[in-house]
Amino acid sequence: MKKIIRGKCYVVGDNIDTDQIIPAQYLTYNPAILEERKMFGRFAMNGLPDKSRGLPLGNIPFVKEGSEKSEYTILIAGKNFGCGSSREHASICLQESGIEGCIAEFYSRIFFRNSVNGGYLIPFETEVRLIDKVKTGDELEINLERHEMKDLTTGKVFPLKPIGEVLPIIEAGDVFKYAKEQGMMPS
Amino acid sequence: MGMTLTEKILARHAGKSRVEAGENIWVDVDVLMTHDVCGPGTIGIFKEHFGKNARVWNREKVVIIPDHYIFTADEKAHRNVDILREFVKEQNLPYYYDVGGEKYKGVCHIALPEEGHTRPGEILFGTDSHTCTAGAFGEFATGIGNTDAGFILGTGKLWVKVPATMRFVFEGKLPPYLMAKDLILWIIGDIGVDGAVYRAMEFAGEGVESLNIEERMTLCNMVIEAGGKNGVIEPDDVTIRFVKSKTSKPFEVVKNDSDAHYHSERVYKTSALEPVVAKPHSPDNRALVREVEGTPLTRAYIGSCTGGKITDFLAAAKILKGRTVKIDTFIVPATTEVDHKLDQEKVGGQTLREIFVKAGAKIGDASCAACLGGPKDTFGRLNSTEVCISSTNRNFPGRMGSKEAQVYLASPYTVAASAVEGKITDPRKFL
């Protein structure tokens, strides 16, 4: 497991639901087929209204037209990120686009589970309202062991909550590897 | 100290005498449901981790209901149903409701109880956030992703965190102009779309007891719109009679202990409540209908797991009978059984179908249809800048198609009244 995640961040607001993360019209692609899975990267965050695309300014594309990868590595969100539908495509599209870590005030339960159990990205939480403190395009560094995030653009450091009870699953890689370690599944 | 109904069900399925809110436990699963949108991904994960020739843990406990993208020309949507079909054949699964045949049902959350798959005291997981609907039958039911579903297919187990229970009590029977949809929109307006994250929401009181089983389903259906993990209603005669009419499988009724501990309790007097809408673009953006009365609309939509049951259409028919709609009005029965009942149920001597056709509404085929937008050719999809009033569940930007469109959520009464006037209208005008 990576202890340091570094890269540019993309900032979104509160209650971003899974229809905004990956609109339903793209759910006909099957994530179990490699060629189709890539399409989720292309359409990640495609449902955001223009003013919500990359705060504070808005109108910033998360993935450039025609590309399957985002230039952003870290997603910063407000409250209740990933609410709405249970579609795992939401976690998958962020991973496919190149997101490695997300920091939100808190997550919707299903998005959090999907991200952890599927091993797609690490859902960090913080008590700080980061969406008012960092800007889309800032270079950030998340230090997993020190539970902190440093904004390399401004030099400010922010505390993160310890990952807590799901850490063993994140360390194992996903829920299947964890279950094998626990002897619940044959390895 | 005692346990809530949700805690008791989880404890029993974890082989424990008691559990407490916040505890992480492994539970045995009674039913796993999946559909055409998340089934192919789930099957892929199952095969990846358990092997190409793996068998599901228990073929009697897997239910597959294609319902999302059925009536579309989208080839990948059809391919996804083919993947389900092939898996069902390979695993010899008895509970599959195939497209294009007599077994086809439509919306999974309504099909599950119709086919006897929802039973008190059980644990149901489904790859759809509205799986929480089945809490109306006194069971623990919640939505999960493909990974969790793939894990269950192989092991029959899942880890869950025991949720604390928020209790919502409705005192007094419902006035004739209110529906369960008004009650749940009222609650979500109070606690917000994140007001119940990681918690159970339990509904009780005379107002809930006096609801029929479908209205109880509407209440539990929308707990996810407040972030709730599961919605639940203690089973009573109404529940047990319904379940026994659908299945001969044995089940055990679980009730709250009298000294159970709740996270919180809110009490509502139903006589003090009024018809409400959730304005764009959030289910918690509540307003009284009379506060937004007259807002111009271009479309009305009645359908989905939330608002496409026969109770919903009976309500709409009461208002639409002998009247015509002023805006495009789409009617989508949740299931083929509901569709069939449109020809059987009558209001004032006319069948519901006759009433809707005469009113000028368009009637679609049983499926999820435009509730979640879907492929561009989906029946009723909002493809542009429509302003729609809808009996569905969610109105975040782009939910029903275009992110330029606006969606007001409301009860079938309010949707029908607004369709007649072409603007948001209090249903009390017609009731």
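Note that the structure is a prediction, hence the values are computed from the model and not measured. So you know, we letter chains A, B, ... as the sequences are listed, proteins then strands, and number each from 1.
Across all non-hydrogen atoms, the minimal contact from B:G44 to A:A32 is CA-CB, 3.7 Å. When every heavy atom of B:P375 is checked against every heavy atom of A:T28, the shortest pair comes out as CG-CG2, 4.5 Å. The two atoms that bring A:A24 and B:G374 nearest to each other are CB-N, 4.0 Å, heavy atoms only. What you find for B:K403 and A:N46 is that their closest heavy atoms are NZ-O, 2.8 Å.
Within the 4.5 angstrom heavy-atom criterion, only side-chain atoms of A:Y178, from C-beta onward, approach chain B. A:V166 touches chain B through its side chain: at least one heavy atom from C-beta onward sits under 4.5 Å away, while N, CA, C and O do not. Within the 4.5 angstrom heavy-atom criterion, only side-chain atoms of A:D174, from C-beta onward, approach chain B. When heavy atoms are compared at a cutoff of 4.5 Å, B:W159 approaches chain A by way of both its backbone and its side chain. Using a 4.5 Å cut-off between heavy atoms, A:F112 contacts chain B through its side chain alone, with no backbone atom that close. For B:K229, the parts lying near chain A are the backbone and the side chain together; criterion is any non-hydrogen pair under 4.5 Å. Using a 4.5 Å cut-off between heavy atoms, B:V197 contacts chain A through its side chain alone, with no backbone atom that close. With a 4.5 angstrom heavy-atom cutoff, B:I43 does not touch chain A via any of its atoms. When heavy atoms are compared at a cutoff of 4.5 Å, A:I33 approaches chain B solely by way of its side chain, counted from C-beta outward. The part of B:Y69 that comes within reach of chain A is its side chain, from C-beta onward, which places non-hydrogen atoms under 4.5 angstrom from that chain. Only the backbone of A:Y107 comes within less than 4.5 Å of a heavy atom of chain B; no side-chain atom from C-beta onward does.
Annotation: A:K156, atom NZ; neighbour count of heavy atoms from other residues, nucleotides and ligands within 6.0 Å does not exceed 12. No more than 12 heavy atoms of other residues, nucleotides or ligands lie within 6.0 Å of CD in B:E86, so this atom counts as exposed by the packing criterion. For B:E90, the CD atom sits in a packed shell: over 12 heavy atoms of surrounding residues, nucleotides or ligands are nearer than 6.0 Å. In this structure, A:K135 places its NZ atom where only 12 or fewer heavy-atom neighbours from other residues, nucleotides or ligands lie under 6.0 Å away. For CZ of A:R146, the number of neighbouring non-hydrogen atoms (other residues, nucleotides, ligands) closer than 6.0 Å is 12 at most. For NZ of A:K64, the number of neighbouring non-hydrogen atoms (other residues, nucleotides, ligands) closer than 6.0 Å is 12 at most. Remark: A:K180 NZ is packed, more than 12 non-hydrogen atoms of other residues, nucleotides or ligands lying under 6.0 Å away.
Interface check for chain B: of the options A:I110, A:I92, A:T18, the most heavy-atom pairs under 4.5 Å are formed by A:I110. The choice from A:Q20, A:M184, A:Q25, A:R113 that makes the most heavy-atom pairs within less than 4.5 Å of chain B is A:R113. For the options A:S52, A:G84, A:P23, heavy-atom pairs under 4.5 Å to chain B are most numerous at A:G84. Put simply, of B:P40, B:C38, B:G398, the one with the most heavy-atom pairs under 4.5 Å next to chain A is B:P40. Chain A forms the most heavy-atom pairs under 4.5 Å with one residue out of B:H281, B:K376, B:R79, B:H130, and that residue is B:R79. Options B:T378, B:T72, B:N24 differ in how many heavy-atom pairs under 4.5 Å they form with chain A, and the most are formed by B:N24. The candidate with the highest count of non-hydrogen atom pairs below 4.5 Å against chain A, out of B:I83, B:T142, B:T42, is B:T142. The candidate from B:K157, B:K161, B:R399 with the greatest count of non-hydrogen atom pairs under 4.5 Å with chain A is B:R399.
Separation of atoms SG (A:C83) and CD1 (B:I224) is listed at 8.5 Å; rounding is to 0.5 Å. Here the straight-line distance linking atom CE of A:M185 with atom CZ of B:F50 works out to 4.0 Å at 0.5 Å rounding. One finds the CD1 atom of B:I144 at 8.0 Å from the OG atom of A:S86 (value rounded to the nearest 0.5 Å). To the nearest 0.5 angstrom, B:E404 atom CD is 7.0 Å from A:D50 atom CG. Note: A:E165 CD to B:E23 CD = 11.0 Å, rounded to the nearest 0.5 Å. How far CZ of A:R87 is from OG of B:S129: 8.0 Å, rounded to the nearest 0.5 Å.
Partner of A:N117 under the side chain to side chain donor-acceptor pair (under 3.5 Å) criterion, out of B:D148, B:N146, B:T147: B:D148 alone. Of the options A:D17, A:D14, A:N80, a side-chain contact (heavy atoms from CB on, under 4.5 Å) to B:V193 is made by A:N80 and by none of the others.
For A:K79 (side chain) and B:D194 (main-chain N/O), no donor-acceptor pair under 3.5 Å exists by modelled atom type.
Using a 4.5 Å heavy-atom cutoff, the side chains of A:R109 and B:P163 are not in contact.
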**Message:** Show, in sequence, the C-alpha distance, side-chain angles and deciding distance for B:Y198 and A:F106, and conclude whether the side chain to side chain contact (heavy atoms under 4.5 Å, CB included) test is met.
**Reply:** CA-CA 11 Å; B:Y198 269 94; A:F106 60 91; over 6 Å; no
**Request:** Apply the test side chain to side chain contact (heavy atoms under 4.5 Å, CB included) to residues B:F396 and A:D19: give CA-CA distance (whole Å), side-chain angles for both, the deciding distance (0.1 Å), then the verdict.
**Result:** CA-CA 8 Å; B:F396 292 111; A:D19 276 287; 5.6 Å; no
